[in-house]
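Below is one structure, written out as structure tokens, with a few remarks after it.
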2 protein chains.
Amino acid sequence: MESEPAQSANRAVTLRDVAKLAGVSIATASKALNNQPQVRAETRARVIRAAEQLSFSPNTLAQGLITQRSGTVGLLTSDLEGRFSIPILMGAEDAFGSDQTSVFLCDARGDAVREKHHLRALLSRRVDGLIVVGARPDARASLGRDLPVPVIYAYSPSADPDDLSLVTDNVGGGRLAVDHLIRHGRRRIAHITGDETYGAAQDRARGALERLGEEGLALAGEQVWFGSWSEAWGRGATRMVLQRTPDVDAIFAGSDEIARGVLDTLHQENLDVPGKVAVIGFDNWNILAANARPPLSTVDMNLEQLGRLAAQRLFAAIDGTLEGGVETVGCRLVIRESS
Amino acid sequence: MESEPAQSANRAVTLRDVAKLAGVSIATASKALNNQPQVRAETRARVIRAAEQLSFSPNTLAQGLITQRSGTVGLLTSDLEGRFSIPILMGAEDAFGSDQTSVFLCDARGDAVREKHHLRALLSRRVDGLIVVGARPDARASLGRDLPVPVIYAYSPSADPDDLSLVTDNVGGGRLAVDHLIRHGRRRIAHITGDETYGAAQDRARGALERLGEEGLALAGEQVWFGSWSEAWGRGATRMVLQRTPDVDAIFAGSDEIARGVLDTLHQENLDVPGKVAVIGFDNWNILAANARPPLSTVDMNLEQLGRLAAQRLFAAIDGTLEGGVETVGCRLVIRESS
DNA sequence: TTGTATGCGTTATCAA
DNA sequence: TTGATAACGCATACAA
């Protein structure tokens, strides 16, 4: 009848219970479980067995109180759809190692007061650090310099240059896209992109232009088509491009959404992709890119890597001190069938 | 020179500091800050002022140690893209009230051992409860009955009927879609959907069939087109539907992805939407539905509401006790221009 | 090698 | 109305 351990009602089993079961003091139990050297092998084994029997799991809150470290970080986002935050979170999660550090995900929904609330709550929970992911890849307000924990801005840089920001190399991404097109023999390349008030749109265009310039080439139609980040704009702009420069042989779209619009119009005009016109997008948003007809080549921002980097920098900053500045993460090409 | 408070270096300001600054004992400071009645108004004001000056924020870990409640919950997901988890998280977040309860988001990436790890970590952090979001809307393995905290399964029900599961009313969603089509005079309705091994696909189809039956109608072509959850399948299946039943006047797609494929083929065949054929999707995945040509009518699963409900049930279960079973959350129609 | 005592930051129970 | 003091669960310096 002793064969049914307290397994099923394992609420609140503490080190005290383990110690009692093992017949040692709390201190000894603690040392045994934490691999401290000053404990006899046989004793340690006994303690460990007891802990397992009770399926003991140490109370991290109590540990945190002592070590002054909660083993948690906050991920403060404003990115509604989680489209950028999620890959960043996943990268961070695996850099931290899931059982070392856990992350609180808070969505401020673009609301400054909600952000303040979340910030207070996180600080109150004694997070060891913060990762801030903005809604768009442009500078956002700093959380301030007087926070008790290190803060890393990811995706959207902080407006304060003394903060550490990790951002996508959009210029490089633009180069990458155009370089790929050029290598495949395209010469009449157009660029349709989103809102011109976005730094990312400017940067991607700049990268494209630079690479084109190196080849002695200019943009087909000699302009960048700024508009909005939507399929509808991609459709409309493509129509204009075709009218203005019917000999266009490639279109670099500033986002996968736009690229979908581009494809749509190209199909309507019976222009073969990539036979007649190659198309390349930006973001590698799988649901859009992989399912396109044909599957869309695109530029991936390596957001997971960005998340990993954020975790590493944060980790380093937690004991050391944080150096401000802007670090850049390179993009990579994902070639499918549209180019 | 006293005008510069310790604001900038506010690391580790404790109740002790506040008490000292206010000239009272720690106990009194605590009572004052927690609105306990037995404290003089003037004293309370003094304490509060001191707390503000030091921008004191109580250490939640310490509070949790005493109250036996961490004020945190874990959201354990397997939903890679966060497509379902995020709305659920947002709903839960706002039901909890951001400064009362914070949520740990953990992605198990469909890996059972990773899930175990996360679970251990979460338990060790003494979360007050768990919300589990599966990867697909079918039953998933239970976490077990012997956990020290209440668990709610959202989106994917638990295989154990004694657990509490909150799921989408897929049958109702199917009815809703077809009902809408019928009300707008459609009679020759086809249904193209995803993998037939998905309960959700079966349920949506069943709802559609039921509603059709009530009207004395049958499915155009007298079959449900099961396949995969992709645009490509939507395209291919539409082609078959058109061949088999050229007089089809509406297509109910089992997901927005499929619906996008349907639209694509319809355009290729020069069939006007919704003039000739109406189309309705499922999921209300904004990026796909809102940007479609024409914008796609679709069924929304009210995932945020599901998240809110999960939070409420969890909250209730934290002090009370949890009743098992399956609760269902209704869908709603989002009418755009494709129907 | 083991155990006792102290403290982490709070709250709660008493006396004063 | 206020202030010692004892928890909460754990880790550690120190004593045995």
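Labels below follow one simple rule: chain letters A, B, ... track the order of the sequence lines, proteins then strands, and each chain is numbered from 1.
In terms of phosphate contacts, Thr14(A) brings no side-chain nitrogen or oxygen within less than 4.0 Å of OP1 or OP2 of dG9(D). Within the structure, every side-chain polar atom (N or O) of Ser30(A) is placed at least 4.0 Å from both OP1 and OP2 of dC10(D). Side-chain nitrogen and oxygen atoms of Thr28(B) include at least one within less than 4.0 Å of the OP1 or OP2 phosphate oxygen of dG3(D).
Within the structure, salt bridge (charged side-chain N to carboxylate O under 4.0 Å, His left out) pairs that include any residue of residues 149-161 of chain B comprise Arg145(B)-Asp160(B) (at least two apart or interchain).
Between Arg16(A) atom CZ and dC8(D) atom P the separation is 7 Å, expressed in whole Å. Rounded to a whole Å, the CD1 atom of Ile26(B) is 12 Å from the P atom of dG7(C). As rounded to whole Å, 10 Å separates atom P of dG9(C) from atom CZ of Phe56(B). Summarising the geometry, the separation between NZ on Lys31(B) and P on dT13(C) is reported as 11 Å, rounded to the nearest angstrom.
Between the side chains of Arg125(A) and Ser102(B), a donor-acceptor pair is found at a separation under 3.5 Å. Using modelled atom types, one finds no donor on one side chain facing an acceptor on the other under 3.5 Å when comparing Ser165(B) with Ser158(B).
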Under 3.5 Å, side-chain donor or acceptor atoms of residues 15-29 of chain A against the rest of the protein: list the pairs with distances, not counting sequence neighbours.
{"residue": "Asp17(A)", "atom": "OD2", "partner": "Thr14(A)", "partner atom": "N", "Å": "2.8"}
{"residue": "Ser25(A)", "atom": "OG", "partner": "Ala27(A)", "partner atom": "N", "Å": "3.4"}
{"residue": "Ser25(A)", "atom": "OG", "partner": "Thr28(A)", "partner atom": "N", "Å": "3.2"}
{"residue": "Ser25(A)", "atom": "OG", "partner": "Thr28(A)", "partner atom": "OG1", "Å": "3.1"}

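In this structure, Ile86(B) CD1 and Glu81(B) CD are separated by 11.5 Å, a value rounded to the nearest 0.5 Å. From His118(B), atom NE2 reaches atom CG of Asp111(B) across 9.0 Å, with rounding to the nearest 0.5 Å.
Listed here is the closest heavy atom pair of Arg140(B) and Gly134(B): CD-CA, 4.4 Å.
Within residues 60-74 of chain B, the residues approaching DNA chain D are Leu65(B), Ile66(B), Gln68(B), by heavy-atom distance under 4.0 Å. Of all the residues in residues 34-51 of chain B, Asn34(B), Gln36(B) reach under 4.0 Å from DNA chain C with at least one non-hydrogen atom.
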Practice problem: Begin from the C-alpha positions of Leu33(A) and Ile48(A) and carry the test side-chain contact (heavy atoms from CB on, under 4.5 Å) through to its verdict. | Solution: CA-CA 6 Å; Leu33(A) 259 18; Ile48(A) 289 179; 3.9 Å; yes

Exercise. May I have the step-by-step check of side-chain contact (heavy atoms from CB on, under 4.5 Å) for Arg120(A) and Leu123(A), ending in yes or no?
Key: CA-CA 5 Å; Arg120(A) 284 193 73 81; Leu123(A) 257 22; 5.8 Å; no

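Comparing dT10(C), dA4(D), dC10(D) by their nearest atom to the side chain of Asn59(B) picks out dT10(C). Candidate nucleotides dA12(C), dG3(C), dA11(D) were compared by shortest atom distance to the side chain of Leu15(A), and dA11(D) ranks first.
Using five terminal pairs a side, the axes of the helix from dT1(C)-dA16(D) to dA16(C)-dT1(D) at its two ends make an angle of 50°, given in steps of 10 degrees.
With sequence neighbours excluded, the residues that form a ring pair (Phe, Tyr, Trp, His ring centres under 6.0 Å) with Phe84(B) are Tyr155(B).
Enclosure of atom CZ in Phe56(B) by more than 12 non-hydrogen atoms of other residues, nucleotides or ligands within 6.0 angstrom is indicated.
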